[in-house]
Structures are given as C-alpha cells and as structure tokens.
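Here is the structure we will look at.
Atom set for the values below is all heavy atoms of this structure, side chains included, hydrogens, waters and symmetry mates excluded.
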Amino acid sequence: MQEWANQLCENRQFGSKMTDSKYFTTTKKGEIFELKAELNSDKKEKKKEAVKKVIASMTVGKDVSALFPDVVNCMQTDNLELKKLVYLYLMNYAKSQPDMAIMAVNTFVKDCEDPNPLIRALAVRTMGCIRVDKITEYLCEPLRKCLKDEDPYVRKTAAVCVAKLHDINAQLVEDQGFLDTLKDLISDSNPMVVANAVAALSEIAESHPNSNLLDLNPQTINKLLTALNECTEWGQIFILDCLANYTPRDDRESQSICERVTPRLSHANSAVVLSAVKVLMKFMEMLPKDLDYYGTLLKKLAPPLVTLLSAEPELQYVALRNINLIVQRRPEILKHEMKVFFVKYNDPIYVKLEKLDIMIRLASQANIAQVLAELKEYATEVDVDFVRKAVRAIGRCAIKVEQSAERCVSTLLDLIQTKVNYVVQEAIVVIKDIFRKYPNKYESVIATLCENLDSLDEPEARAAMIWIVGEYAERIDNADELLESFLEGFHDESTQVQLQLLTAIVKLFLKKPTETQELVQQVLSLATQDSDNPDLRDRGYIYWRLLSTDPVAAKEVVLAEKPLISEETDLIEPTLLEELICHIGTLASVYHKPPSAFVEGSRGVQHKRLPGSAGSGESVESPDTGSTAAAVSEAPPAVIPSQGDLLGDLLNLDLTPPTTTGPIPPPSSGMQMGAMDLLGGGLDSLMGTGFGVPPAAMPASFSAPVSSGLDDLFDLGGGVGMPMGAYSPPKTVWLPAMKAKGLEISGTFARRAGVIQMEMTLTNKAMSVMTDFAIQFNRNSFGLAPAGPLQVLTPLSPNQSIEVTLPLNTVGPVMKMEPLNNLQVAVKNNIDVFYFSCQYPISMLFVEDGKMERQVFLATWKDIPNENESQFQIKDCHLNSDAASNKLQGSNIFTIAKRTVEGQDMLYQSMKLTNGIWVLAELRVQTGNPNYTSQLGERFEMAMYAVCVYEYSYY
C-alpha cells in the first residue's frame with residue numbers, strides 16, 4: 001500500500017495538478033465499456049487518459065479488475081508516466097488475477113534491460129511487489145542482473161527487492177544465491193546501495209534469527225561507517241541499527257566506533273539521533289569509566305537529547321520515554337539538565353507526566369531544593385491527575401533523597417493546609433510511605449493528619465490513614481475512637497480498607513488490650529461471620545486463632561518490625577532495561593516492553609543485551625547473551641500429536657503416579673517459564689545444526705551392553721538397590737602429569753544435597769613439593785563457578801595424592817561453549833598455572849524442584865511446536881517402568897503421570913535446569929523389550945539441547 005501511495009505521488013509530476021481531479025468525477029453507467037474502448041485506442045494520449053481514469057476508479061474503491069488484459073496491453077510503451085500507472089494497476093490486481101498477470105512477465109523482463117535506469121529499477125521494484133508465486137520464478141534472472149547493474153539506483157532498488165522476494169519464497173532466494181550477492185553489496189562503492197543492502201539483510205535476519213546473515217566483523221564495520229557519512233538519513237538509520245547489533249572486540253575498537261558515530265548526534269532527523277544514542281549507549285558499556293573519552297562522551301550525549309525536547313509534543317513524548325530509559329541506566333548524562341524537564345503550562349498531560357517521572361529520577365541532594373519548589377508549584381495546578389502525580393512525586397523525593405525528607409514533609413503539610421480534598425488524600429498516602437522509610441522520625445505530624453480524617457473518601461487514602469493510626473496507636477490518645485468511626489460503615493468500605501482496618505484494630509488490641517477488647521471482637525465478627533470476601537474472612541480467622549491460642553506469637557507476627565521500603569520502587573528490572581536500551585528509537589522504547597510482548601506472530605524476535613562493561617568479566621563475545629525466555633514468541637497451538645502417536649489427551653489419563661522410594665521434593669511454586677535464558681539469542685542457535693539426532697548418531701557408550709559395568713542412571717551393571725542421589729560418572733584424567741610439570745588431576749562431577757560438586761584427585765608426580773593451589777573457571781554455558789577457594793590444606797609432597805571436593809554455584813559469567821557442557825579450568829600452584837578443559841554431565845544441573853504440576857505439564861506440552869520435539873532410543877535397559885521412574889527421580893527427573901497403552905508403559909516426565917529452563921519428556925517402556933523410546937520437547941526451540949540433556953542424564 002505504501003509502494004502504491006509513493007508511486008501515485010510520483011505520477012503527479014507528469015500531469016497537471018489542477019486537472020487530475022476530473023478523473024474522479026465520472027459516474028457514467030457504461031463506464032467499464034467506455035474505458036475498455038479507450039484503453040484499446042490507437043491514440044497515445046487517449047490511452048494515457050483512460051489509464052488515469054482506471055487508476056482513479058481503483059483508488060476510490062471501484063472494481064476495475066475486468067480491464068486487466070486491456071491495461072496490460074498498455075505496458076508496451078516508451079512513456080514513463082504511462083508505464084508507472086500500468087505497473088501501479090498490476091501491483092493492485094495481480095493477486096486476484098494471477099493467470100492474467102503472467103502476461104506481463106515478458107514486458108518486465110524486457111524492461112529490466114531497458115537503457116533507462118529508471119525503467120529498469122521500476123520493473124524490478126514492481127515485480128518484487130507482485131506477490132504471486134507463478135511470477136516469482138520469472139523474477140530471478142532479471143533480479144540477478146539488476147543486483148549487478150552498473151547504475152547504483154537500480155542496484156539499491158534490487159537490494160530491497162531481494163527482501164521482498166525472500167518474504168514470498170525464502171527457499172528460492174537461498175537456492176539462487178541472492179543472499180550472497182546481497183552480502184557483497186555491503187562492499188558497494190555507493191553508500192545508498194550499502195544502506196539498502198543492510199536494510200534488506202536486517203529484515204531477512206529478523207525472520208531468520210539464526211541465519212547469521214549479518215556476519216559483522218571489523219572490516220565490514222569499517223565499510224558501514226564509511227557509508228554512514230554519505231547516505232540519506234533513512235540509510236543512516238539502517239546502518240546505525242546494524243552497528244548496534246555488533247559487539248566490539250575490545251575497548252579500543254569500541255572507542256573508535258563511538259568517535260565515528262558521534263557526529264550523527266547533531267543530525268536534524270530525530271530518528272538518526274536516537275539510533276546514534278542507541279549505538280553509543282551500548283558501546284559505552286565497554287569503555288573504562290576512568291578513560292578521558294568516557295567523560296567526553298557523556299557530555300556529548302546530553303545536548304542532542306535536550307534538543308529533542310524542543311520538537312512538537314508527540315516527538316517530545318517519544319524522546320522522553322527514551323530518556324527515561326537512558327536516565328535509569330546512566331543518570332550522569334543528564335544530571336545537570338534538570339531545568340529542561342520542568343513542565344510548561346502548555347504541555348499536553350502525557351508530556352507533563354513523563355517529565356515529572358524523569359525529574360524524580362534525576363533528583364539528588366544538589367538539585368532537590370529546585371525540584372521541590374517546582375513540585376509545590378505543580379500541586380496548585382488545575383489538572384487533577386497532574387496534581388496527584390506532583391504530590392506523589394514529593395513523597396518519592398523524600399524517600400530517594402534522605403537529606404530532603406524533612407523539607408518534603410514540611411511541603412506536604414503545607415499542601416494539606418490548603419484543604420483541597422484530592423491534594424490532602426494524596427499527601428496522606430505518600431506520608432505513610434515516608435513513615436515506612438524513616439520510622440520514629442516524623443510521627444509528630446500525625447495530629448495534623450488526624451484532623452483531616454473526615455475529608456477522606458478515596459479507598460487508598462482511607463487505608464493509608466488507618467494504617468497510620470494502627471501503626472502508631474500508642475501515640476494517639478483516641479486511636480480506638482478513630483478506628484471505631486471507620487468500623488461503623490465496615491461493609492460499605494472497599495476490600496483494601498476492610499483489610500487494613502482489621503489489621504489496625506488487631507494492632508491496637510495488642511498494644512492496648514484492656515481498652516479495646518470489645519472493638520477487636522466486633523471487627524473479627526464482622527470479618528469472619530458477616531463477610532463474603534474470602535481474603536478478609538481468612539485473615540480474620542488467622543487473627544482470631546492467633547489471639548485465642550498464643551497472644552505472644554500474635555504480637556510477634558502482627559507487630560513484627562517491618563522492612564524499610566526501597567528508594568525507587570518503579571525502576572525497570574535490570575535485564576529488561578538492558579534489552580530496552582538495545583531497542584532505543586523503536587516502539588519497544590516507547591512502550592517500555594520487549595518487542596515479543598506486542599509483536600504478534602513474529603518467531604524471529606530476538607532478545608538483546610548490553611555487552612559486559614570493561615573489566616567486569618561478563619561475556620562480550622555474543623551481543624545476544626542473556627536473553628529472557630519470556631521474550632520468545634508464543635508457538636503455534638496445533639502441536640498435540642494424533643491419537644495414533646500414543647500421547648492422546650493427558651486429561652483423560654489415569655494420573656496416579658508410580659510408587660516411589662524416598663520422599664518426593666515439593667513441586668515448584670511457579671513454572672518460571674519467564675526465567676533467564678542465559679544461553680543467548682535463540683536457544684536453537686546453541687546447537688548449531690538440525691534438531692533430530694538418529695539413534696545411529698548416538699555415542700558408542702549410549703548403546704553399551706549390560707556387561708560393560710557402566711554405573712549409569714539405570715544401574716545397567718545389575719547392581720542391587722536404587723541410588724538415592726544423582727548418577728556420578730567415574731573419575732577420568734583431566735590434566736596429565738606430562739602437561740602440568742608433574743601435577744596430575746583426575747576428577748568427576750556430582751550433585752549432592754542440591755549442591756553441584758567438582759570432586760578431584762590431585763597427584764604430585766614431580767620431585768618437588770607443591771603448595772598454594774588456586775582454581776578459576778572460564779565463562780561457560782551455565783555460569784558454573786567455584787563457590788569458594790580450592791581447599792588444599794597441606795603441601796602436596798612428591799608421589800602423594802589428595803582428594804579435594806570443590807562446591808560450585810551457577811552465578812558466574814555466561815558464554816556459549818562448544819560443546820555446550822564444556823568447562824575450561826585454570827589451576828595455579830607454586831610452580832606454574834595450568835589449563836585444561838573437561839565436560840560435566842548436564843544431569844548435574846537438574847534442580848530438585850523440577851516436578852511440574854500436572855495441569856501445567858499438559859498446557860506446556862500442548863504449546864511445544866513439533867519442530868522442538870526429538871525422539872531417540874535407550875538400549876539394553878532391563879528395568880520396568882516403575883524402577884526406571886524411581887531411578888530417574890534420583891537424578892531429579894520427575895514422573896508427572898503414567899499410563900499403559902497396548903502393553904506399553906508411558907511415563908510423562910519433567911526436569912528443570914539451574915537457569916530455569918524446563919524440559920518435558922515422554923518415556924515409552926515395552927514389557928520384555930530392553931530398548932526404551934524417549935521423546936523430548938521444549939516450548940523454546942531447543943529440541944536438540946533436550947536430547948543432549950537426556951543423553952547425559954541416562955548415562
């Protein structure tokens with residue numbers, strides 16, 4: 001539609017602006033017949049007039065598709081204006097007339113070789129806009145020629161056409177090699193061709209996030225930065241957005257890119273400015289804060305952001321929403337620019353509220369006096385919503401800047417004296433929060449608050465006042481009378497007020513038991529006997545039983561010391577903030593939500609994260625490290641296999657779990673599907689190639705015979721009794737003595753009592769004593785890190801061995817490893833530093849609360865796409881289904897349900913990894929058959945990963 005509108009505007013230059021309206025005024029009954037005759041006229045002018053009438057009819061919604069063959073016949077012309085009009089008609093009606101549209105193919109092919117570059121570009125652009133499969137195959141050869149055309153205008157048009165063709169038929173584009181040609185265009189001499197190539201590749205990469213089309217490297221980045229200075233403003237935006245996806249190798253490269261992007265901050269187009277800010281905000285993470293350039297860059301970022309606030313209100317709002325994110329991440333950028341956020345009288349309300357929020361975020365001891373003076377002025381405005389926000393802002397200032405708390409309380413008291421109802425009520429709500437933040441400091445104002453008790457009519461204000469009276473009942477002489485006045489209309493109050501009143505009266509009773517016994521009995525009776533609200537009734541019963549059985553315990557519970565409230569309660573969660581910073585200048589930065597929260601049906605939405613700051617030890621190898629699973633788009637619903645696939649509907653199963661030995665860990669309180677995906681942008685990218693792994697591709701040990709003595713999870717060696725803990729593989733040599741100057745390290749991994757342990761044997765095969773041992777891990781896929789130092793308490797003498805157990809945690813820095821479970825280790829002693837790598841069983845990462853609720857299991861299984869499922873076989877397992885279930889439970893693989901179909905037991909199992917990722921499985925056990933079939937699935941695209949998990953768990 002946009003293409004159509006653009007061409008319609010272009011066509012106006014060929015005709016008279018004063019006379020074009022005549023084409024929209026014809027209302028003849030035989031109009032189609034007359035147009036048909038005019039289109040077949042021998043006179044060129046008459047034919048052009050007829051096509052204009054057809055386009056006019058099409059524009060106002062009339063169906064002129066019957067004229068398709070006649071309009072197509074007009075394509076054979078040298079008149080550029082007429083050709084544009086015909087192409088416009090074709091774009092609109094080709095989809096409804098696909099068979100007729102093929103008639104135009106020869107003309108398209110011919111026009112792609114026209115001497116006029118405008119016609120060549122027009123032809124290839126139009127063919128790209130005609131979304132008809134039958135025409136697509138004819139587009140390939142002309143498109144290939146146009147991609148290598150001598151004219152840059154044709155090349156840049158062809159680059160965009162590749163993205164359009166990819167949207168229609170992605171496989172065709174890949175087979176024809178257009179993607180490689182598109183990558184070559186990034187090195188084009190013309191900056192606009194480069195910009196369009198980047199735009200096309202970025203669009204394709206969005207729908208195929210794991211294709212690695214934009215393989216950015218320093219050489220490519222240099223080409224993009226060179227083109228950045230010469231292309232149009234929208235081309236600059238494409239290039240800047242592409243740069244934002246690159247992670248520099250070190251701080252020097254980061255500084256170099258920042259220096260070349262900084263001039264874009266002075267651009268007249270606000271979109272270019274925000275895209276440049278996005279790049280700089282990301283690359284600043286890698287600059288050391290003690291670097292002179294870091295301070296210079298902070299100073300350069302402020303003026304362009306301030307300039308954006310002089311635009312029209314709508315642009316101001318977009319700028320303010322982005323500034324809100326920037327200020328939360330780096331408040332020092334705008335700490336000296338408080339005045340530009342002061343509200344103007346003619347600002348729209350949405351701009352006022354956003355400015356108010358940013359003012360609070362920038363408030364500090366240095367500018368608090370200025371801020372409070374402004375806020376007090378705002379509290380006298382006529383806009384009620386704005387006044388309420390201003391009063392709340394004063395309270396937030398008091399909580400944020402402790403030195404200003406007294407001044408804020410004084411300002412709030414002044415506002416209460418105005419007796420403006422909604423001002424008084426908001427002031428009482430924020431004073432309650434101030435009491436929570438600074439206990440026993442400002443309680444002298446309670447008397448003033450009590451004077452305004454009768455004017456409170458809003459639930460939040462009434463609840464806040466009741467809380468104050470109950471909390472400080474010992475300081476208020478007539479506290480019982482005040483609370484009793486609220487009790488008179490108890491059933492007319494909102495739930496919020498009722499709950500607060502119940503608690504306040506119980507507090508009062510515990511502080512003054514002899515005077516308020518009747519009052520507490522009255523409120524407990526109202527709450528438990530006369531109320532239909534289950535929350536209120538339950539709380540009433542709890543208090544009643546506490547008071548009647550153990551008043552001392554009741555006092556400890558109800559009058560317990562309350563934690564201080566935090567300074568900033570409305571800050572965006574850090575991980576989400578990092579992602580939003582990477583989306584500055586897009587809708588995500590306006591909504592303050594990740595793209596996956598509002599982009600429907602987009603499986604390609606990737607989660608981005610800022611790179612680790614210089615010296616922080618965080619991963620900087622992948623720009624997508626640390627995405628959240630919540631941001632993965634919802635999978636298509638139709639994923640339940642047919643009845644013939646033995647799954648059926650879990651709701652109809654006998655959900656009696658198999659008998660177990662030993663206690664079952666309690667189920668997780670929440671599924672944590674929104675937990676951190678520490679493995680980075682798209683879980684499927686970690687596994688490299690396809691998802692399915694045929695049984696033949698399994699490791700040799702996977703099909704080892706029973707006689708091998710392998711002490712695996714199923715105890716295939718024929719051992720008696722079930723292991724109570726997770727399977728721990730035997731120790732292997734990790735570091736041979738010949739590679740470590742006589743130090744030999746062998747080890748294994750185990751999970752005991754919920755703690756991952758690295759169990760090692762250190763052997764000194766050298767001639768000298770070894771001391772001063774220390775250990776360190778490189779970044780790894782699951783953040784494994786030592787939970788403490790390596791404890792080797794005595795010197796290791798020659799030919800001596802010592803057993804060492806090192807507890808591990810999973811809070812270390814994360815980086816994708818190949819293979820996924822690879823761990824790189826450095827061990828230091830008094831002789832040297834030695835390096836080795838080992839592989840840990842992924843079953844060590846299964847947590848104890850991995851038993852999913854049955855209904856949640858069913859819902860989750862239904863959400864798993866077919867492509868995220870994988871099936872494989874486990875051979876030579878001589879255990880029945882119950883024994884296998886018990887065995888697996890020792891490794892935190894939990895059976896949710898079991899059923900028997902045609903002599904085959906089917907176990908439905910769940911497990912959860914330390915990073916919150918869930919894996920679901922279906923294990924099929926045939927009586928008398930030693931081979932099991934296991935089918936795994938995950939909501940995210942990680943079926944291959946799930947195979948890896950099960951493989952390590954069983955063996």
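Going from atom CG of Leu182 over to atom CG of Leu201 covers 4.0 Å, rounded to the nearest 0.5 Å. Within the model, atoms CD1 of Ile333 and CG of Leu305 stand 7.0 Å from one another, a figure rounded to the nearest 0.5 Å. Leu228 CG to Cys242 SG: the interatomic distance, rounded to the nearest 0.5 Å, is 11.0 Å. Note that CG of Leu85 and NZ of Lys48 are 8.5 Å apart. Values are rounded to the nearest 0.5 Å. With rounding to the nearest 0.5 Å, the separation of OG1 in Thr181 from CG in Leu143 is 8.5 Å. Rounding to the nearest 0.5 Å gives a distance of 7.0 Å between CD1 of Ile584 and OG of Ser589.
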### Task
List the steps and the verdict of side chain to side chain contact (heavy atoms under 4.5 Å, CB included) for Leu308 and Leu315.
CA-CA 7 Å; Leu308 291 177; Leu315 282 181; over 6 Å; no

### Task
Could you check Asn217 against Thr220 for side-chain hydrogen bond (donor to acceptor under 3.5 Å, both in side chains), going step by step and ending with a plain yes or no?
CA-CA 5 Å; Asn217 54 56; Thr220 308; 2.9 Å; yes

### Task
Could you check Asp184 against Leu147 for side chain to side chain contact (heavy atoms under 4.5 Å, CB included), going step by step and ending with a plain yes or no?
CA-CA 10 Å; Asp184 294 339; Leu147 283 168; over 6 Å; no

### Steps toward side chain to side chain contact (heavy atoms under 4.5 Å, CB included) verdict (Leu274, Thr586)
CA-CA 9 Å; Leu274 285 176; Thr586 68; over 6 Å; no

#### Entry: Verdict with reasoning, Leu240 to Lys278, per side chain to side chain contact (heavy atoms under 4.5 Å, CB included)
CA-CA 8 Å; Leu240 287 168; Lys278 171 170 59 181; over 6 Å; no

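For Arg252, the side chain to side chain donor-acceptor pair (under 3.5 Å) test picks out no residue, with sequence neighbours left out. Scanning for side chain to side chain donor-acceptor pair (under 3.5 Å) contacts around Asp250 gives an empty result, with sequence neighbours left out. With sequence neighbours excluded, no residue forms a salt bridge (Lys or Arg N to Asp or Glu O under 4.0 Å) with Arg264. By the salt bridge (Lys or Arg N to Asp or Glu O under 4.0 Å) test, Arg321 pairs with Glu354, sequence neighbours left out. Applying the ring pair (Phe, Tyr, Trp, His ring centres under 6.0 Å) test to Phe598 and every residue at least two apart in sequence or in another chain returns Tyr591. In terms of the side chain to side chain donor-acceptor pair (under 3.5 Å) criterion, residue partners of Lys145 (sequence neighbours excluded) are, by chain and number, Glu113. Legend: residues meeting salt bridge (Lys or Arg N to Asp or Glu O under 4.0 Å) with Glu174, ordered by chain and number and at least two apart, are absent. For Tyr89, the ring pair (Phe, Tyr, Trp, His ring centres under 6.0 Å) partners at least two apart in sequence or on another chain are Phe68, Tyr93. Asp180 is linked by a side chain to side chain donor-acceptor pair (under 3.5 Å) to nothing, counting only residues two or more places apart in sequence or in another chain. Listed by chain and residue number, Leu265, Leu280, Tyr293, Leu297, Lys300 satisfy the side chain to side chain contact (heavy atoms under 4.5 Å, CB included) test with Thr262 (two or more places apart in sequence, or in another chain).
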Enumerate donor-acceptor pairs with a distance under 3.5 Å from any side-chain N or O in residues 186-200 to protein atoms, sequence neighbours excluded.
| residue | atom | partner | partner atom | Å |
| --- | --- | --- | --- | --- |
| Ser187 | OG | Lys223 | NZ | 2.7 |
| Asp188 | OD1 | Arg155 | NH2 | 3.0 |
| Asp188 | OD1 | Asn190 | N | 2.8 |
| Asp188 | OD2 | Arg155 | NE | 2.9 |
| Asp188 | OD2 | Arg155 | NH2 | 3.4 |
| Asn190 | OD1 | Met192 | N | 2.9 |
| Asn190 | OD1 | Val193 | N | 3.3 |
| Asn196 | ND2 | Lys156 | O | 3.0 |

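No side-chain heavy atom of Arg125 sits less than 4.5 Å from a side-chain heavy atom of Met91. Considering only heavy atoms from C-beta on, Ile257 comes within 4.5 Å of Tyr246 through its side chain. Thr157 is not listed as a side-chain neighbour of Leu122, based on a closest heavy-atom distance of 4.5 Å or more. Inter-residue side-chain proximity for Leu243 and Ile221 is flagged as met; some heavy-atom pair is nearer than 4.5 Å. Pro594 places none of its side-chain heavy atoms less than 4.5 Å from the side chain of His583. The shortest side-chain heavy-atom distance between Leu224 and Leu216 falls under the 4.5 Å cut-off. Looking only at side-chain heavy atoms (C-beta outward), Phe283 and Pro248 come within less than 4.5 Å of each other. With a 4.5 Å cut-off on side-chain heavy atoms, Leu165 and Gln176 do not count as touching.
Shortest non-hydrogen contact noted between Leu172 and Cys140 is CD2-SG, 3.6 Å. Scanning all heavy atoms of the two residues, the minimum distance from Pro263 to Ser266 falls at O-OG, 2.9 Å. Taking each heavy atom of His592 and Leu576 in turn, the nearest pair found is O-CD2, 4.3 Å. Nearest approach of Asp251 to Met286, heavy atoms of both residues: CB-O, 3.2 Å. When all heavy atoms of Tyr153 and Pro117 are compared, the pair lying nearest together is CD2-O, 4.2 Å. Contact detail for Ile581 and Leu325: the closest heavy-atom pair is CD1-O, 3.8 Å.
When each of Asp149, Asp114, Asp111 is paired with Arg120, the salt bridge (Lys or Arg N to Asp or Glu O under 4.0 Å) condition holds for Asp149 and for no other. No option in Glu285, Arg329, Lys282 other than Arg329 meets the side-chain contact (heavy atoms from CB on, under 4.5 Å) test with Glu578.
Note on residues 158-181: pairs passing ring-ring contact (aromatic ring centres under 6.0 Å, His included), not counting sequence neighbours, are His166-His208.
Taking 4.0 Å as the cut-off between side-chain N and carboxylate O, Arg144 and Glu141 count as a salt-bridged pair.
Within the 3.5 Å criterion, the main-chain N or O of Val318 finds a donor-acceptor partner in the side chain of Asn322. Judged by distance alone, with hydrogens and angles left aside, the side-chain atoms of Gln236 form a donor-acceptor pair with the main-chain N or O of Cys231 at under 3.5 Å. With hydrogens and angles ignored, the 3.5 Å screen pairs a side-chain donor or acceptor of Asn780 with a backbone N or O of Asn778. In this structure, the side chain of Ser781 engages the main chain of Met817 through a donor-acceptor pair within 3.5 Å.
Remark: Glu253 CD is packed, more than 12 non-hydrogen atoms of other residues, nucleotides or ligands lying under 6.0 Å away.
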